[in-house]
Protein chains: 2
Amino acid sequence: MKTVHEKNAQVFKALCDENRLRVLELLRQGEKCACELLESLDIGQSALSYHMKILTGSGIVESRQEGKWMHYSINQEGSRYAALLLKEITTTEGGKRTGSCCK
Amino acid sequence: MKTVHEKNAQVFKALCDENRLRVLELLRQGEKCACELLESLDIGQSALSYHMKILTGSGIVESRQEGKWMHYSINQEGSRYAALLLKEITTTEGGKRTGSCCK
DNA sequence: CATATATATCGAAAAAAGTTGATATGAGGT
DNA sequence: ACCTCATATCAACTTTTTTCGATATATATG
């Protein structure tokens, strides 16, 4: 059983790693196959596979298999969800203002 | 010298940890002093200090000292920046579409 | 069916992040 | 100045994440 915070953290974990951000930057240009990502990225094949699993698991990236090639692209719905979540967790609730505290 | 991706990852790293998301949830209700966070959070004092440093470092949270107490709150500008960044890194660039690849 | 190629998965090693307890710093009060 | 309390920092340890090399799986091709 995962807490809400654990689940939310999973979405943002996709964006915590330098290499995954590089992948996203490449995918902004449109769908790319794994081999293309691999040669732009200076990491090994198994590491790329690992990162792509995290990215697709977060919903921000989607994958499509074509023969023996995997094609990756940014999933707009997943991205919208992440953006929504970010908005939500950083928006102060109206009304409630707790000034009192210690002392 | 940090790469752009490293700097961007730093913003999202603030959101990767369950405890930091819990802190944000508490701060949504308004400014809170460290002692309040501490008693809601089931982590030690030094761990809280560690997390707050990461949160403030990302720009999403700001701090205010009052005597010996630290007060934390969500920084709207930092949050807007994070939201903007997220939008940016997940928005596909118009025009460019690279279909060709391997085979 | 054998071979070649692309990607996924596994276990171990390396690196990074988080926690803990002890101590340091710094502000207030006596 | 001394003591107390709140927070920060440090070093050691634990846990999690990332990487690597080897191997497995799956698809296409001769």
Side-chain angles (χ1 to χ4, degrees), chain A residues 2-3 5-24 26-27 31-58 60-73 100-103, chain B residues 2-3 5-24 26-27 31-58 60-73 100-103:
Chain A
K2 275 189 187 299
T3 66
H5 300 291
E6 271 177 302
K7 279 196 271 187
N8 290 351
Q10 196 189 347
V11 173
F12 297 115
K13 275 194 181 133
L15 309 172
C16 282
D17 180 83
E18 213 191 326
N19 283 317
R20 290 193 288 272
L21 290 183
R22 277 193 239 278
V23 168
L24 281 175
L26 291 164
L27 297 184
E31 188 183 76
K32 289 246 183 298
C33 113
C35 51
E36 287 177 283
L37 297 174
L38 200 49
E39 65 186 27
S40 315
L41 280 180
D42 198 40
I43 55 175
Q45 181 269 321
S46 61
L48 176 65
S49 183
Y50 166 76
H51 288 302
M52 297 317 293
K53 190 168 186 179
I54 291 176
L55 279 168
T56 53
S58 76
I60 294 176
V61 167
E62 63 191 328
S63 64
R64 177 176 71 81
Q65 182 168 8
E66 190 180 321
K68 44 185 172 176
W69 290 281
M70 286 301 283
H71 296 261
Y72 296 100
S73 54
S100 65
C101 163
C102 26
K103 187 163 65 164
Chain B
K2 276 190 185 298
T3 67
H5 301 290
E6 272 177 301
K7 280 196 269 186
N8 290 351
Q10 194 188 349
V11 174
F12 297 116
K13 272 190 184 139
L15 309 172
C16 281
D17 181 82
E18 211 191 328
N19 283 317
R20 289 194 288 271
L21 291 183
R22 277 194 239 279
V23 167
L24 282 175
L26 291 166
L27 296 184
E31 189 183 75
K32 289 246 185 296
C33 114
C35 52
E36 288 178 282
L37 297 174
L38 200 48
E39 64 187 26
S40 315
L41 280 181
D42 200 39
I43 57 176
Q45 182 269 319
S46 60
L48 177 64
S49 183
Y50 168 75
H51 289 302
M52 297 317 294
K53 188 168 186 177
I54 291 175
L55 280 169
T56 53
S58 76
I60 294 175
V61 167
E62 65 191 326
S63 64
R64 176 176 71 80
Q65 182 168 9
E66 190 181 321
K68 43 186 173 177
W69 290 280
M70 286 302 282
H71 296 261
Y72 296 100
S73 54
S100 65
C101 162
C102 22
K103 186 162 69 176

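Throughout, protein chains are lettered first and strands after them, A, B, ... in sequence-line order, and every chain is numbered starting at 1. This structure is a prediction, so every number in the text was calculated from the model and none was measured.
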Provide, to the nearest angstrom, the distance between the [atom1] atom belonging to [X] and the [atom2] atom belonging to [N].
X     : N      : atom1 : atom2 : value
A/L48 : D/dC20 : CG    : P     : 12 Å
B/E66 : C/dG28 : CD    : P     : 10 Å
A/L15 : D/dT17 : CG    : P     : 15 Å
B/M52 : C/dA17 : CE    : P     : 19 Å
B/F12 : C/dA16 : CZ    : P     : 21 Å
B/W69 : C/dA27 : CH2   : P     : 13 Å
A/L37 : C/dT7  : CG    : P     : 9 Å
A/H71 : C/dT7  : NE2   : P     : 8 Å

Would you say [X] places a side-chain N or O within less than 4.0 Å of OP1 or OP2 belonging to [N]?
X     : N      : answer
B/K68 : C/dT25 : no
A/K13 : D/dT17 : yes
B/H51 : C/dA17 : no

By nearest atom, which of the nucleotides [options] is closest to the [X] side chain?
X     : options               : result
A/Y72 : D/dA8, D/dT7, C/dA8   : C/dA8
B/Y50 : C/dA17, C/dT7, D/dT7  : C/dA17
B/A47 : C/dG21, C/dT7, C/dT19 : C/dT19
A/D17 : D/dT7, C/dT19, D/dT18 : D/dT18
A/S46 : D/dT18, C/dC10, C/dA6 : C/dC10
A/A34 : D/dA8, C/dT7, C/dG18  : C/dT7

Applying salt bridge (charged side-chain N to carboxylate O under 4.0 Å, His left out) to B/E62 and B/R64, what does each step give before you reach the verdict?
CA-CA 7 Å; B/E62 65 191 326; B/R64 176 176 71 80; over 6 Å; no

Which value, rounded to the nearest 0.5 Å, describes the distance between B/H5 atom NE2 and A/L15 atom CG?
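Result: 13.0 Å between the selected atoms.
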
CZ on B/R20 to CG on B/L27, rounded to 0.5 Å
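Here the interatomic distance stands at 13.5 Å.
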
With heavy-atom distances below 4.5 Å as the criterion, would you say the side chains of B/T56 and B/Y72 are in contact?
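They are in side-chain contact.
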
Side-chain donor/acceptor contact of B/Q45 with base of D/dA8 under 3.5 Å
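Checked by distance alone, the answer is yes.
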
Under 3.5 Å, is there an N or O donor on one side and an acceptor on the other linking the side chain of B/Q65 and the base of C/dA27?
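A donor-acceptor contact between them is absent.
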
When the nearest nucleotide of DNA chain D is assigned to B/S49 and to A/G67 on a heavy-atom basis, which residue is associated with the more 5' position?
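Closer to the 5' end of DNA chain D: B/S49.
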
For A/S49 and A/Q45: C-alpha separation, side-chain torsions, deciding distance, then whether side-chain contact (heavy atoms from CB on, under 4.5 Å) applies.
CA-CA 6 Å; A/S49 183; A/Q45 181 269 321; 4.2 Å; yes

